[in-house]
Amino acid sequence: MIAKQMADQNPELYQSNVEALEKVQPEPIKASDISLRLGTTWIPTDVYRQFIFHLLETPSWKQKDIHVIYLAATEEWNVTRKSLDSGVRATKTFGTHRINAYKIIENTLNLRDVKIFDTKLDDEGKEVRVLNKKETAIAQDKQDIIKSRFIEWVWSDPDRRERLTKIYNEKFNSIRNRTYDGSHLSFSGMNTDIKLRKHQIDAIARILYGGNTLLAHSVGAGKTFEMIGAGMEAKRLGLCNKPIYVVPNNIINDFASDFYRLYPSANILVATTDTLSKNNRHQFFSRISTGEWDGVIVTHSQFIKMPISVERQIKMMEDQIEEISNSIETVKNNNGERFTVKQLESMKKRLKEKMQKLNDNSKKDDILCFEQLGIDMMFVDEADLFKNLFLFSKMRNVSGISQTNSQRASDLFMKTRYLDELTNYRGVVFATGTPVANSMAELYTMQRYLQYNLLQEHGLESFDAWASTFGETTTTMELTPEGNGFRLKTRFSRFYNLPELMTMFKEVADIQTADMLELPTPKMHQEIISAPASNEQKEMIKALGERAEAIRNREVDPHIDNMLKITNDGRKLALDQRIINPLLPDNPNSKVNLCVNNIYRIWQEYKDENLTQIMFCDLSTPNGKNEFNVYDDMKAKLIAKGIPEEEVQHIHIAKNEKQKQDLFSKVRQGKVRVINGSTSKMGAGTNIQDRLVALHDLDCPWRPRDLEQRHGRIARQGNLNSEAFIYTYVTEGTFDSYLYQTIEKKQTFISQIFTSKTPQRTMEEIDEAVLNYAEIKAIASGDPKIMERCNLEQDINKLNVLKASFLNQKYEYQDAIIKKYPQQINQLEEIIEHLKLDIEQRNQNPLPSNDDFVGMTLNNVFIQDKAEAGHKLIEQCQAITSPDPISIGHYRSFEISVFFDSFYAEYKLQLKGYGRYQIDLGSDKFGNIVRINNALDGLEKQLQENENALADVKSQLASAKIEAEKPFDREEELQEKAKQFAKLTMELKIEEKDPNIIDNNEIGSNDDIEMNVKSKDYVR
């Protein structure tokens, strides 16, 4: 718009700019491509308010008191006056008798799943809250209905659709990622024998010109040289004065060597093992502060010992306190809940206490703090190791999100915020080959570190706001790992609006995958080697299934056995049965022995070239005890086959960094030809690829990141072989295949995001670690139908609970239609008629225009004087102690009765016309007469309120009649699943027989299935 305005004024100068900008304008995203949910923070609050009134048919006279407020300080949505409306749609159609629809909507806005708790007494007589699974399931079903109704409603109105589409496009579709070309960079002082690749030069240009950067390059892409080159160029160009490099503990010496190799004359300061000990860090910090260093290199663990100043921490807290104070005013001004105000006040108090502790800290070390060291640029290698950054979320127990406070992550976050202020978001560079280790939600953590300003601009600085825009969580009831009950587990089921998310992310992320780079790495051949399960393994797998059954039926103490233990035992059993019991025979066809034979074959084949091999196994590592472990077993067998002992080594023999580097050097030289290790000890930062020809995955790691880091040891620049091999070993009929399949699905998901192409708009998330009952039973039996049947049984049970709740509600509607609402209508119509007659009667006895008293009859005596009448009224009251109304006179043709309310210890006056109107009496003789006149003057207000109530009840009656006629909307799903359940049950019973002999028409009715499933549950 600005360019067009300038072009209109001066077309010769600016028209070309307009044309160039128009060419790169992102295509507007249509409403059908935008995914949103109830709780998405960019949607204006008035839209949510409109939806609530539309869905619940809130009476117009109640709408003025019901508001939707969003408080940025607490990231909390608040619906005011949630209990004001008790209509059918609020309490039955979209609510339950335990929680109304307004509260369910508030929970949904806050991304919380509804939970219903009962209060019970424990063995010690203390009150404890216990989850009511049945009521929770019913309430969550209502919540799901409300969510789906919102999606149907939100795009239905053309004006609203246009408004929301415009907001979304302006917020999230207004970025065009810049491309960087570093071909003009000269790299003064760099070793002329080293030629950086194009992607490395372009990445350095990105760091220099683009600001904060994430080098999300595949393992082995040369990130070390990119960081060093960027730091040196930034210093040469005056963009920084003193960069710091924060690297994993095990590679600090390699990193320093690479620094000198790339820049032989560089002046760098490298921390040693005891540099940051209490006695030495004063001197080290002084050297950093006073020296003109091209780079300061420290390890991850040393970096946390470089403290941020107390003053900065206090300033951050003061900003938070100010924001909370503003939120308190907002809540009060909108008549918000007192509970919300109390929450805010409590947060404010905690922050002030924390700030006071910092101020009163008498043990403050007088060393230089991070801000005083002169550091103005920071490079963090393997930054994904800092992913456990605490974040506040109203969602509880979300998989993939850390809600525990990692000190080193919090420390790094404060330092990135300091550098962002100092350099205007141009001083922080992260590098990692695996920016997402396990869940896509980890992207948010990276964005917090590197583009906090962009998150703020888009209103996404809180995790819940980010999650409501780009993700959808589902909460399911699942068996606990201990197997002693059920828990509610929240996990991301899918991510959406991914192109816009990745466009934002690519503002800092330089993504380079192996297929994009075409690096000079060996051509990789992957082979899966399957080992048949031994008879002992087959029997033990069956036993695992029986253990899972016992846990499911609560026949075993969870401290003795649980699903987590079964999963771990299953992994061990798949590796080697002797891990479970060393007395079991050594199966010659086990995957361990197949791996030994394969390693020996390759050792012989490449003996003349001295090529090397690496074996990864995270289980059964050597522990120095005289116990069976796979490592020592394999080494002994390889030596027995003829491989010299010095050529087969475990990484575990290296007790310190020097010994590890010596061992790695021997591998690179071909003196050690077989090295065995775990992912944690031999993954990221291990550079021994020179002669590697084969990698052996003996077991399956937990995360895609671990598999990526393993394979990055061999598929790497610097490997002298043109071809290399990765062997994956699995034991058939065990947990192996399933675990590898899960890891593969996760990796596929992550790979589809981290690509040069635009990702699809929506992707399903995968997040599993502990196998559940159905999976274990399916593996144990070797029949996937078992898993399908278990899942169907769980679905049918849930649907039966929902159907029972639906029928109960239907019967309540029918009772209300016959009795409750007609009675209420009759009562209200009678009250309205009486009020109209009393208003007419009052109007026939008006107050004179110049006075507020027309005389009062007390005990058959008419009193004209107002003061005397007031005095006599009090006297009459004092003579009465009856709780029943006693007539004492008349006023303006209304009968006056008085009684004593012993509960409140107060005198009450009752005016009786066609209706009855109660007034509290006081000790002021004039005040009581004013109260009587006010009561009579307020009859119109009462009439209006009762007319509104009558309209409300009639509306509820009409709604109840509609709802009472509706069928159970998931009946078809229940019937279909019940039919499939019966079919699977019969197929499993006849086992090897042909399943096609089952005639679908012969399968029992749904009633039979419901009875069977319920009976089974009852027995449990």
Side-chain angles (χ1 to χ4, degrees), residues 479 481 483 526-552 561-598 615-621 628-631 633-634 678-679 696-704 706-707 710 726-747 766 768-788 790:
L479 200 65
Q526 299 207 12
E527 184 179 336
I528 297 173
I529 297 177
S530 296
S534 68
N535 291 331
E536 292 86 359
Q537 282 174 314
K538 289 176 183 176
E539 289 301 316
M540 284 190 279
I541 287 288
K542 286 181 183 176
L544 292 180
E546 291 166 4
R547 284 168 59 187
E549 183 79 49
I551 290 167
R552 192 189 195 210
D561 201 7
N562 53 62
M563 291 296 182
L564 187 57
K565 283 186 177 181
I566 290 178
T567 301
N568 286 327
D569 286 350
R571 292 181 72 223
K572 292 173 185 175
L573 181 59
L575 178 57
D576 196 295
Q577 61 194 33
R578 291 169 295 166
I579 301 174
I580 304 294
N581 187 339
L583 299 178
L584 286 170
D586 181 4
N587 176 15
N589 296 316
S590 72
K591 72 175 183 179
V592 169
N593 285 318
L594 292 182
C595 183
V596 168
N597 295 337
N598 199 26
M615 189 280 290
F616 280 104
C617 182
D618 292 344
L619 294 172
S620 192
T621 54
F628 171 82
N629 66 76
V630 165
Y631 278 72
D633 180 69
M634 290 181 69
S678 60
T679 313
H696 306 269
D697 281 319
L698 196 56
D699 67 354
C700 180
W702 284 116
R703 303 174 301 173
D706 299 331
L707 210 56
R710 283 185 181 186
I726 294 176
Y727 297 97
T728 301
Y729 299 84
V730 296
T731 304
E732 296 168 3
T734 66
F735 289 14
D736 269 350
S737 299
Y738 190 87
L739 291 170
Y740 271 113
Q741 183 184 358
T742 304
I743 290 286
E744 184 185 1
K745 283 181 182 176
K746 286 185 184 180
Q747 187 56 53
I766 300 154
E768 291 294 338
V770 179
L771 300 190
N772 62 34
Y773 165 78
E775 292 159 347
I776 291 169
K777 288 294 286 182
I779 293 167
S781 65
D783 191 345
K785 289 178 184 175
I786 296 253
M787 191 188 303
E788 188 180 350
C790 290

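A quick note: this is a predicted structure, and the numbers were derived from the prediction, not measured.
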Quick check: does any side chain N or O of [X] sit under 3.5 Å from a backbone N or O of [Y], one acting as donor and the other as acceptor?
X: K591; Y: L698; value: yes
X: N593; Y: N587; value: yes
X: D618; Y: T679; value: yes
X: Q526; Y: Y727; value: no
X: D633; Y: N629; value: no

- Which of these, I528, I529, I726, sits in a side-chain contact (heavy atoms from CB on, under 4.5 Å) with D697?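 Considering I528, I529, I726, a side-chain contact (heavy atoms from CB on, under 4.5 Å) with D697 is found only for I726.
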- Message: Going by side-chain contact (heavy atoms from CB on, under 4.5 Å), V630 matches just one of T621, V592, L619. Which one?
- Response: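 Single side-chain contact (heavy atoms from CB on, under 4.5 Å) partner of V630 among T621, V592, L619: V592.
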Measure the spacing between [atom1] of [X] and [atom2] of [Y] and express it to the nearest 0.5 Å.
X: S590; Y: R578; atom1: OG; atom2: CZ; result: 6.5 Å
X: M615; Y: C595; atom1: CE; atom2: SG; result: 6.0 Å
X: S534; Y: E732; atom1: OG; atom2: CD; result: 12.0 Å
X: C700; Y: D736; atom1: SG; atom2: CG; result: 7.5 Å
X: T734; Y: K538; atom1: OG1; atom2: NZ; result: 12.0 Å

- Message: Do Q577 and P585 have side chains that approach each other closer than 4.5 Å (heavy atoms only, starting at C-beta)?
- Response: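 Of all side-chain heavy-atom pairs linking P585 with Q577, at least one is under 4.5 Å.
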- Message: If you define the side chain from C-beta out and look only at heavy atoms, does anything of Y729 sit under 4.5 Å from D699?
- Response: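 In short, these two side chains do not touch, never coming nearer than 4.5 Å.
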